[in-house]
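These notes concern the structure reproduced below.
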Amino acid sequence: MKSKVSFLRFYGITHLRVQGLVMLVGLLLVTLDSWAYKKQEINITVNGKERNMVVFAPSSLPAKSPLMIVTHGMNQNPEYQYGSDKMYEMIDTAKFVVTYLRSDGNTWDIGGTNDQNFVIKTIDEMVTRFDIDRERVYWSGFSMGSMLIHHCIANMQDKIAAFAPTSGIQFSESPWNNCRKAVNLLECIAYGDDVFGYEQYGIHAYIENYAKHDKHPNYSKTTGYKPISSSWYDGDLEKWTGGTNGGEVWLYSYNNGGHWPMDLNRHLIWNFCKRFYLNMPLVRITQPAGETTHVCMAPAGVDLFPDITVKATAKAPNGKVAKMDFYDGKTLLESKTMSPWSATVATPKSGKHTLRVEVTDNKDKTAQTSCLVNYVSTRTSYNLCQNFKVEGAVPQDWYVCNGSTKRIGGGTPYTDGCRVLHFTSSSRAFEYGLLVQNNTTRAKAAWAKFGTSNARSTLTLYAGRYTVKYKVCNWNCPDFSPVTISVQDVNGEEIATSTYTPTVNIGGDAGNKFKSVVQQALDFEVPVTGEYVIVFYADAAKNADFVLGQANILAREFVPSGIESIAGSNGTTGSNGVYDLNGRRVKSGKLPRGLYVINGKKTLVR
């Protein structure tokens with residue numbers, strides 16, 4: 001009995017202590033939460049009317065901090081908006097002010113300037129009260145609050161550094177046509193939005209129009225993207241970038257959502273917006289011209305990769321360029337304070353090289369850009385179709401032509417012509433395929449090429465024996481039309497070719513069923529180590545169209561090549577003896593790409 005009483009006394013005291021500790025921790029959390037930010041309502045006069053907003057500011061706010069403006073949906077209010085998007089939860093660590101504006105009645109003025117003036121006056125008020133940096137003001141919104149953003153965007157480019165509307169567009173207007181400069185825009189919207197129906201309102205085309213207006217040549221799409229790793233939903237994040245006048249256009253189309261603010265999207269919104277400010281310098285990488293792939297198939301320990309030369313240009317709208325830093329990933333290559341603005345990655349290793357250039361102007365404003373160079377070394381095989389993932393796009397590393405129009409991989413998706421098709425039938429031989437169309441009757445006029453500099457891809461093959469395994473079908477070609485595969489050197493000389501007439505015609509609809517596509521193989525020998533191009537040609541007949549659904553190159557055997565050195569990418573040589581492989585002397589200077597004997601050594605010029 002005594003031991004039982006002692007246990008109960010111990011348990012009771014301990015339990016009280018635990019309860020007390022829990023209460024204390026809870027009190028501390030409440031206190032810390034109240035200290036993390038300050039919430040207040042502010043009234044200002046706009047157009048002779050008193051307007052209201054709810055403002056959240058960190059308890060500790062550095063001078064010249066950013067401002068995020070948020071406009072709520074129709075028949076809603078700031079309380080609903082901040083309770084849903086929870087943007088305010090980030091401000092203590094990210095150090096910015098967020099203000100939720102209240103509409104005048106149940107709607108926003110999406111046809112006039114009343115609420116545009118409200119936003120302008122809000123910026124002035126926040127600068128006075130919180131010493132906000134006018135060059136780092138951002139604007140997000142929901143539903144009709146996003147309609148207001150699109151309505152005002154062209155008039156507010158000199159006051160808002162980045163726009164992040166969600167679940168809404170101004171469908172009755174084409175705002176991009178009025179934009180005087182490139183825009184920084186992120187739209188977040190659910191595929192399942194039942195107010196702004198994704199297909200009904202043409203959401204994708206609407207946002208893409210901003211990118212087309214700003215002439216962005218680069219396009220990427222990340223599927224399965226999550227705003228944070230623990231997110232319970234994912235989606236497709238598309239980016240249009242690279243325009244000569246700057247700006248970026250992003251579209252996040254997510255699954256498992258509807259027409260309501262998604263709180264986790266705040267991470268994507270803030271991480272997008274915080275990168276921009278008004279009058280920021282502009283920097284572009286001019287070499288490489290875009291994402292580039294070098295594939296080297298060679299024995300173990302042999303990587304025939306050239307040095308990577310990085311060149312860039314920059315301008316500072318309100319000053320001058322003071323410094324340019326060049327990086328390979330996180331490794332600083334060179335820091336330069338005057339032109340030429342260039343750096344070199346010497347003896348690069350196999351792997352992905354994220355080339356990054358950061359520019360700083362004389363007012364300490366910075367901007368950066370990046371470009372991916374992928375060096376792939378393999379002794380066995382390489383999938384030439386691994387980038388057949390984005391419907392409508394010409395895949396990265398490929399160069400295509402329909403007989404009249406040439407397209408380089410990695411750009412904005414198309415709705416017609418040579419492009420990647422997404423096959424949706426459950427009965428299909430492959431999910432994605434590259435459509436090559438021929439609108440002429442000329443031989444070798446329509447093609448798809450891998451390994452050509454026009455496609456920003458290089459295929460270096462060590463001397464040996466290889467096989468290309470591939471699958472092709474005809475497209476909307478019931479009489480069937482032959483397809484020719486060719487392996488060529490960089491000068492266009494064929495070393496192997498084969499013609500095959502497909503036995504499967506998909507028809508003209510990507511939803512059609514098609515199966516039993518027979519895999520074909522082309523065996524060939526590479527006499528000397530060098531750069532080669534894989535080409536698929538349509539037949540010399542109009543509408544002799546085909547779809548390439550599989551292409552893999554396999555190395556079967558390597559043989560000694562005798563190459564003893566690799567020349568730089570500019571192919572420049574000295575004045576001593578330079579010969580081709582037939583023993584003919586070649587004029588020294590800048591050489592075309594190929595294999596030469598330079599100063600007694602067999603040398604591959606890149």
Side-chain angles (χ1 to χ4, degrees), residues 46-47 51-54 68-82 84-85 87 98-123 137-157 159-179 183-211 213 249-254 257-262 265-266 268-269 272-273:
V46 183
N47 301 327
R51 301 297 298 270
N52 176 263
M53 68 188 79
V54 179
M68 176 69 74
I69 297 171
V70 182
T71 44
H72 59 73
M74 185 175 71
N75 294 322
Q76 294 173 356
N77 52 46
E79 289 74 21
Y80 172 80
Q81 184 65 31
Y82 69 68
S84 300
D85 70 22
M87 184 75 73
V98 57
T99 177
Y100 294 84
L101 308 191
R102 192 182 304 275
S103 61
D104 182 17
N106 296 322
T107 61
W108 296 100
D109 180 7
I110 57 173
T113 59
N114 287 331
D115 288 322
Q116 176 180 294
N117 292 336
F118 185 17
V119 173
I120 294 172
K121 292 281 283 186
T122 295
I123 297 172
V137 178
Y138 315 114
W139 186 359
S140 184
F142 170 71
S143 193
M144 193 178 193
S146 293
M147 295 179 71
L148 178 64
I149 293 175
H150 286 287
H151 169 65
C152 298
I153 196 168
N155 294 332
M156 296 294 286
Q157 285 186 285
K159 296 185 180 296
I160 305 295
F163 302 85
T166 70
S167 306
I169 60 172
Q170 177 48 310
F171 50 84
S172 63
E173 298 176 357
S174 302
W176 50 87
N177 289 329
N178 299 319
C179 290
V183 66
N184 298 310
L185 172 68
L186 161 67
E187 175 89 28
C188 299
I189 188 167
Y191 281 121
D193 195 303
D194 58 357
V195 175
F196 287 88
Y198 200 90
E199 298 298 333
Q200 178 186 355
Y201 284 91
I203 299 298
H204 190 277
Y206 188 92
I207 300 304
E208 189 178 26
N209 279 329
Y210 283 99
H213 179 269
V249 177
W250 292 18
L251 172 62
Y252 182 45
S253 311
Y254 52 91
H259 192 69
W260 58 81
M262 297 287 273
N265 284 347
R266 70 186 187 271
L268 175 61
I269 290 170
F272 173 81
C273 290

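Looking at heavy atoms from C-beta onward, Tyr254 lies in side-chain contact with Asn265 at the 4.5 angstrom threshold. Side-chain contact between Thr99 and Pro78 is absent, with no heavy atoms from C-beta onward closer than 4.5 Å. Counting only heavy atoms from C-beta outward, the side chains of Ile120 and Asn117 approach each other to under 4.5 Å.
With Asp115 contributing its side chain and Phe118 its backbone, the two residues share no donor-acceptor pair below 3.5 Å. Between the side chain of His259 and the backbone N or O of Val195 there is no donor-acceptor pair closer than 3.5 Å. The backbone N or O of Arg51 sits nowhere less than 3.5 Å from a side-chain atom of Arg102 that would complete a donor-acceptor pair. In this structure a side-chain-to-backbone donor-acceptor pair under 3.5 Å is present from Thr166 to Gly141. With hydrogens and angles disregarded, a donor-acceptor distance shorter than 3.5 Å links the side chain of Asp109 to the backbone of Asn114. At least one donor-acceptor pair under 3.5 Å links the side chain of Ser140 to the backbone N or O of Ala164.
Among all heavy-atom pairs drawn from Trp260 and Ser167, the shortest one is O-OG, 4.4 Å. Heavy-atom minimum distance, Met144 versus Ile110: CE-CD1, 3.9 Å. Nearest heavy-atom pair, Pro175 versus Ala154, reported as atom, atom and distance to 0.1 Å: O-CB, 4.2 Å. In terms of heavy atoms, Ser253 sits closest to Leu251 at OG-CG, 3.5 Å. In terms of heavy-atom proximity, Tyr80 sits nearest to Pro261 at OH-CD, 3.6 Å. Among all heavy-atom pairs drawn from Phe272 and Ala162, the shortest one is CE2-CB, 4.2 Å.
In this structure, Phe142 CZ and His72 NE2 are separated by 11.5 Å, a value rounded to the nearest 0.5 Å. Atom-to-atom distance recorded for Tyr201:OH and Ile169:CD1 is 8.0 Å, nearest 0.5 angstrom. Atom CD1 in Ile160 sits 10.0 Å away from atom CD1 in Ile153 (nearest 0.5 Å). A distance of 9.0 Å separates CD in Glu199 from OH in Tyr191, rounded to the nearest 0.5 Å. Between Thr71 atom OG1 and Leu148 atom CG the span is 5.5 Å, to the nearest 0.5 Å. A distance of 12.0 Å separates NE2 of His204 from CD of Glu187, quoted to the nearest 0.5 Å.
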- Met68 and Cys273: CA distance, side-chain angles, deciding distance, side-chain contact (heavy atoms from CB on, under 4.5 Å) verdict: CA-CA 9 Å; Met68 176 69 74; Cys273 290; 4.1 Å; yes
- side-chain contact (heavy atoms from CB on, under 4.5 Å) between Thr122 and Val46, intermediate numbers included: CA-CA 9 Å; Thr122 295; Val46 183; over 6 Å; no
- Item | Worked verdict on Gln200 versus Phe171 for side-chain contact (heavy atoms from CB on, under 4.5 Å) | CA-CA 11 Å; Gln200 178 186 355; Phe171 50 84; over 6 Å; no
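A donor and an acceptor atom, one from each side chain of Glu173 and His150, are nowhere located under 3.5 Å apart.
A tilted orientation is assigned to the rings of Trp139 and Phe163, their planes being inclined by 30° to 60°. Using cut-offs of 30° and 60° on the angle between ring planes, the pair Tyr210 and Tyr206 is perpendicular.
In summary, of the residues considered (Asp85, Asn52, Asn77), a side chain to side chain donor-acceptor pair (under 3.5 Å) with Tyr100 occurs for Asp85 alone. Here the rule is side chain to side chain contact (heavy atoms under 4.5 Å, CB included) with Leu101, and of Val119, Val70, Val54 only Val119 fits it.
Within a 6.0 Å radius of CE in Met156, other residues, nucleotides and ligands contribute more than 12 heavy atoms.
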